[in-house]
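Chain A is the first sequence line, chain B the second, and so forth, proteins listed ahead of strands; every chain is numbered from 1. These figures come from a predicted structure and were not determined experimentally.
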Amino acid sequence: MIYAGVTQSAVYFVTPAELRAAAVPGKAYRLGGMVVPGSLKWNPHALDLSFTLSDGTATVPVRHKGTPPDLFSEGRGAVVEGSWSSEGYFRASLIMAKHSEEYKAPHDKNQAGYQELIKTLKGEGQ
Amino acid sequence: MTADVGFGMTIVALVLAAYGGVVAVVGARTGRAALVESAQHAALGVFTLVTACFALLTYAFLTFDFSIRYVASNTNLGTPFYYRITGVWGALEGSIILWAWMLALYTLILIVRHREGARELYPWALATMLGILAFFLLVMSVAAPPFQRQLPVPADGRGLNPLLEDTGMITHPVALYLGFTGFTVPFAFAMAALATGRVGDTWLVLTRRWTIVAWYFLSLGLLIGGWWSYHVLGWGGYWAWDPVENAAFMPWLTGTAFLHSVMIQERRRMLKLWNIVLVILTFGLTLFGTFLTRSGVIASVHAFTQGSIGVLFLGFLALVMLTALGLVAWRWDALRSQGDLDSVVSRESAFLLNNVLLVAAAFTVFFGTVFPLLSEAVRGVKVSVGAPFFNQVNVPLFLSLIFLMGVGPLIAWRRASLENLKRNFLWPVVLGIVAAAIAFALGVRSALAALTLATTVFVAATITVDVVRATRARLRVGERLLPAIGGLLRRHNRRYGGFVVHLGILIIALGVTGSHAWSVQTETTLKRGESAELAGYRLRFEGLSAAEESNHFKVVGAFTVTNGRALGVLQPAKKFYPQEQAPIAYVDYRLGLKEDIYVVLGDFARDGSQATIKVQVNRLVSWIWIGGVVLTLGALLAILPDRRASA
C-alpha cells in the first residue's frame, strides 16, 4: 500500500528535451532548465509570469500565476512543478529557485555547461 | 594557536573516550571496579575537554578569529553579538561539537545517577556511551574538524546563513539535539541489558525518566522548528514533510511508541523483545537522521561520497545496528514474552495497536524520505515525493492514534467487559457525535474536519471522565477540591502527565486541521494607496522605505490593516545580504486565537510606487503553539520523580 502510494505520488524530474519527447498532458512533472534570456515576461497586475526553460537542446514555454521567487531571473536555473497543458505550454503551480552556494550558470552555450546546470537543479528540486 | 589547541584537545578527548569505553568493558567482564572507575575519570576528562573545545570555538566567534575557517564561513564583522553565539552551531562542524558536548553531559549525569544503583548494568551502559562519544569525536577529528585553519586569513568572514538569524536558532537546535542525544541513554542501558543477559525490567525502570526527558526535548525541538518555519520561511506553513523534518520526526514516532510499550512490559511482562527493538530502532533513527541532514545525501545520492562524513555515519550506523541486533539474536530465548494477550478488547491490545500505528507511520515517513534516494541510486531516475503522499497515508494513521488515545488509558487490562466499556465510553462517544453534529449545523462541510473534531472531543471527554472520577474519590475521603486535583497530578504524575500531553496533542490536531481546512490566501499587486481585501481584512499599501542594518540592507513595506477596526501596521520586508545571491523575505504577521494575518512582500517597484504581496489568513494556527506548550508541560509533569513509592 505504501509502495503504491509512493509510486503514484512520486513526481518525476524531467529536462525540457525529455518532456518534449514524451509529455503526458495532466501528469505532474518537475521540469528543470535555464530561464532563456529575453523570454521572461512578468505582469504584476495580472500576476502573470511566463518564460522559457531550456536545456540546450529543447525549450519549453512555461506559464505561472504568481510572483517570481527571490532567486528567479533570466540566465539562471529554475525548477518548476506543474503539468503539461494540451495547449502547448507547461503550467507551473510552483517555482523553486532555491539558494545554492555552488550554483554556476552555464556561461558558454556548450552542452557540458547545461549538463552541469541540470545536475545542480536535480539536487535543488528535492 | 587556537586551531592547534582546539585540534589537540579533540584528539586527546577521542583517545580518552576510546580508552574509557574499552576499560569499562574489561571492568564489566572481570568485575574489577578500579577499571570502571578509570573509565569514569576518562568520561570526566572527555566532558572537560569537549566543554573547553566548545568554549574555545565560542571565543573564536566572539573575537572574529577568521583564521579559523569555520568562523570565517559562519560569521562576519556585521553579525550581531547574539548571532555570533548561535553561529557556533550554525553549520555542520559546530553542530557536531554541540552534539558531542551534550553526549558527554548525559554520560556525566548517567555516572552521577547510576554509579551506585545499577551495579551490573552500569559499566556496560557507560561503555556504550563512551563508544558512541568516541565516534562523534572521531567525526570531529577527521570528517568535520571545526578548528581547521583558513589561509590566508580573510579580512572579513562570509557571514551566517541569514535564515538562521532568528531567536528560534538558539532554542531549536539545542532542544532537538538534547532530544536526539537523550535517546542514547536508554539505548546504552538496553545494550547493557543484552550484554549481561538481564533483560528483565531493571533497564526499563532505570531509563523510564531518561526516555521522557529525551522525548520532551525532541518534541520541543520539533515544535520550535515548526514555529521557525512558520514565521521565518514565509510560505505560511509549519510542516512540509521535508527530509530534514522527517529525519527528526521518525525517532519521535518510534520514541513515542516506546514510551507506551514500556507500560505493557511493566504491567503484563509482555513485549520484552519489542521494547529492546524499539529502543535500538529509535537510536538508529537518530543516527540515520543525522546522516540524512549532514551528509548532503538529500541533495543527491552522489553528494555524500564527496565528503567522508556520510560514509562514516553510514558505516557507524551499520556497525551499531549489526551489533545491537546480533546481541538481540544472542539473547533471543531470554527475550521471549511470559504474558499472553487475553482479549482483543483490552488495554494491552489498545497499546499494541498504538505501537503498530506509530511504527507504521515511522515506516511510511522513512519510505517516502528514502524513496527518491533509492530511485536515483538504483534506476538513475530523479523523483520527488511530496506532502500529498505523506498526508494521504499518515492522516488516517494519526486519526486512529488519536482515537486510541481516548480508549487506551481507560479500557480495562486483560479483558474489558461490556459494562466497563459502557461506563467509560458511552458519554464520550455521545459527546463526540454531538460535537460533529453541531459543527455540521454551523456549516462545516469538510468530512475530515468533522471527524477530527468528533475524535478530539471524544478523547477530551474520556480524560475528563477519568479526572472527575478520581477527584470524586478523593473528595469522598474528605479532601478539598484543589488539593484533591493537585494531589492527583502529583501522586500519579506519570499517568496525569500523559493525559496533559494527550490534551496538548488534541489541541495541536485541531490547529492542524483548522489551518488546512480553512486558511485562505491571495496574491496581488498594489499601487501606493490601494488596498487588498481578504476574509474581512483590508490592507492599505502606504509605501516602501529602506534601512541599512549592521549586516544587511532592507526594503520595508508598510500596510495598514483593518477589519472594521484599526489593527495597526504590518511591515513585511525584503533583506539583502551581501553574501547572498538573492534577497530574503521577512514576514510580518499578527497572531490571533481564531486566525493570523500573515503578509509576505514579493516583487516591488524601485521607486516605491508599487508592491506585490502575498496575504494569508491562517486559521487556528496559534492552537498548534498553545498545544505545544500544553504538551511540554505535561511531559515535564511526567518527568517529576515518582511519589507513589514513598507515599
Quick one: list whatever passes salt bridge (Lys or Arg N to Asp or Glu O under 4.0 Å) with B:Lys554, sequence neighbours left out.
B:Glu549
From B:Ser375 atom OG to A:Tyr12 atom OH, the distance as rounded to the nearest 0.5 Å
6.0 Å
Specify the closest pair of heavy atoms between B:Thr612 and A:Thr67, including all atoms of both residues, with the distance to one decimal.
CG2-OG1, 3.3 Å
Residue list, salt bridge (Lys or Arg N to Asp or Glu O under 4.0 Å) with A:Asp48, at least two apart or on another chain:
A:Lys65
Among residues 521-530 of chain B, which residues come closer than 4.5 Å to chain A, judged by heavy atom distances?
B:Glu523, B:Thr524, B:Thr525, B:Lys527
Quick one: what part of A:Tyr29 sits under 4.5 Å from any heavy atom of chain B, side chain, backbone, both or neither?
neither
Heavy-atom proximity to chain A below 4.5 Å, by part of B:Lys574:
side chain
With sequence neighbours left out, what residues match B:Val378 under side-chain contact (heavy atoms from CB on, under 4.5 Å)?
none
Side chain, backbone, both or neither: which part of B:Ala585 has an atom under 4.5 Å from a heavy atom of chain A?
both
Near B:Phe604 CZ, under 6.0 Å, is it more than 12 heavy atoms from other residues, nucleotides or ligands?
yes
Quick one: what part of B:Phe371 sits under 4.5 Å from any heavy atom of chain A, side chain, backbone, both or neither?
side chain
Nearest heavy-atom neighbours spanning A:Val6 and B:Gly368
CG2-CA, 4.4 Å
Apply side chain to side chain contact (heavy atoms under 4.5 Å, CB included) to A:Phe13 and B:Val381, showing your working.
CA-CA 8 Å; A:Phe13 184 98; B:Val381 181; over 6 Å; no
